[in-house]
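Structure record follows, encoded as structure tokens.
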Amino acid sequence: MLPQPGGMAPPPMGMDQQQRMTMPQQPPHFWPQHQQQQQQQHYGAPPTNSAAGGAADEVRSLWIGDLQYWMDEAYLSSCFYSTGELVSAKVIRNKQTGQSEGYGFLEFRTHAAAETILQGYNGALMPNSEQSFRLNWASLGAGDKRTDDSPEYTIFVGDLAGEVTDYVLQETFKAVYQSVKGAKVVIDRVTGRSKGYGFVKFGDEREQQRAMSEMNGVLCSTRPMRIGPTANKKPMNAPTQNGKREALIYGGLGLVSAEMIPV
DNA sequence: CTTGAGCGG
């Protein structure tokens with residue numbers, strides 16, 4: 001890990017930057033009734049829902065990932081300023097180098113506001129960048145929002161064009177398969193650009209299996225996709241596939257590796 | 001050519 005001398009690179013743009021610098025793109029029409037309620041406590045202590053009414057332990061923080069090194073607190077604040085619901089923004093930094101770890105936390109006034117942000121902004125384009133917001137509930141803060149009781153079946157999708165986003169990838173599959181739960185294009189932390197591959201999650205295993213063969217070679221944006229199984233998931237016991245057999249190699253207590261052995 | 005994922009104070 002070579003400490004980059006000039007690690008704090010400024011935003012890579014600059015020539016085609018619009019005049020309105022800090023105003024974020026309004027994400028599509030997602031903002032509901034919160035603006036109408038005249039709660040003017042934008043600064044000072046956020047309503048902590050003392051003992052009456054709301055649950056004081058409600059999670060109001062979101063985790064945000066895939067941040068580039070120039071995306072600081074001021075940038076994050078500007079992204080959500082228009083909502084009037086952001087209490088604080090924080091970028092986690094390495095204690096030694098001070099460099100961003102690529103993620104942070106956003107605290108909102110209420111759980112409901114955070115949830116609206118999560119649904120409205122997640123996947124939308126981040127201002128002054130080519131990537132989209134990656135948001136999730138902050139899991140370690142307080143309560144647990146994990147209700148992940150439903151199984152997920154994921155495929156690997158490679159050979160993606162650079163401009164393919166989570167949304168594009170997801171819609172490519174959603175147009176065909178109802179059970180698509182989401183898609184993620186892997187982003188390079190340093191450049192903020194796509195690494196050219198990603199993952200698509202299905203709720204239905206049969207659709208996942210179908211997609212493996214049906215969508216292989218299908219165009220996503222400008223390039224045909226290459227589809228494969230995910231690397232480190234549960235062993236799938238598809239008996240035969242393309243004239244290959246899956247050999248599961250066990251050692252000691254569990255599965256060690258799986259190889260595709262040509263017949 | 002490529003197999004993610006990262007949760008502070």
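Chain letters run A, B, ... following the sequence lines, proteins first, then strands; residues in each count from 1.
Atom CG in A:Asn136 sits roughly 14 Å away from atom P in B:dG6 (whole-Å rounding). One atom, CZ of A:Arg134, and another, C1' of B:dG6, lie 10 Å apart when rounded to the nearest Å. Between the CD atom of A:Glu107 and the P atom of B:dC7 there is a distance of 19 Å, rounded to whole Å. The OH atom of A:Tyr153 sits 25 Å away from the P atom of B:dT3 (whole-angstrom rounding). With rounding to whole Å, A:Arg60 atom CZ is found 19 Å from B:dG9 atom P. Separating the CH2 atom of A:Trp137 from the P atom of B:dG8 is a distance of 18 Å, rounded to the nearest angstrom.
In this structure, A:Phe199 places its CZ atom where more than 12 heavy-atom neighbours from other residues, nucleotides or ligands lie under 6.0 Å away.
At the heavy-atom level, A:Gly65 lies nowhere under 4.0 Å from the strands shown. Nucleic acid contact class of A:Tyr103 (heavy atoms, under 4.0 Å, all strands): sugar-phosphate only.
Evaluation of A:Phe105 against the base of B:dG8 yields a stacking contact (centre distance < 5.5 Å, interplanar angle < 30°).
Remark: A:Arg223 does not engage A:Glu163 in a salt bridge, criterion side-chain N to carboxylate O under 4.0 Å.
Under a 3.5 Å cut-off, the side chain of A:Gln208 and the backbone N or O of A:Thr154 do form a donor-acceptor pair.
Nearest-nucleotide positions on DNA chain B for A:Lys201 and A:Leu160 put A:Leu160 closer to the 5' end.
B:dG4 shows a glycosidic angle more than 90° from 0 and is accordingly assigned anti.
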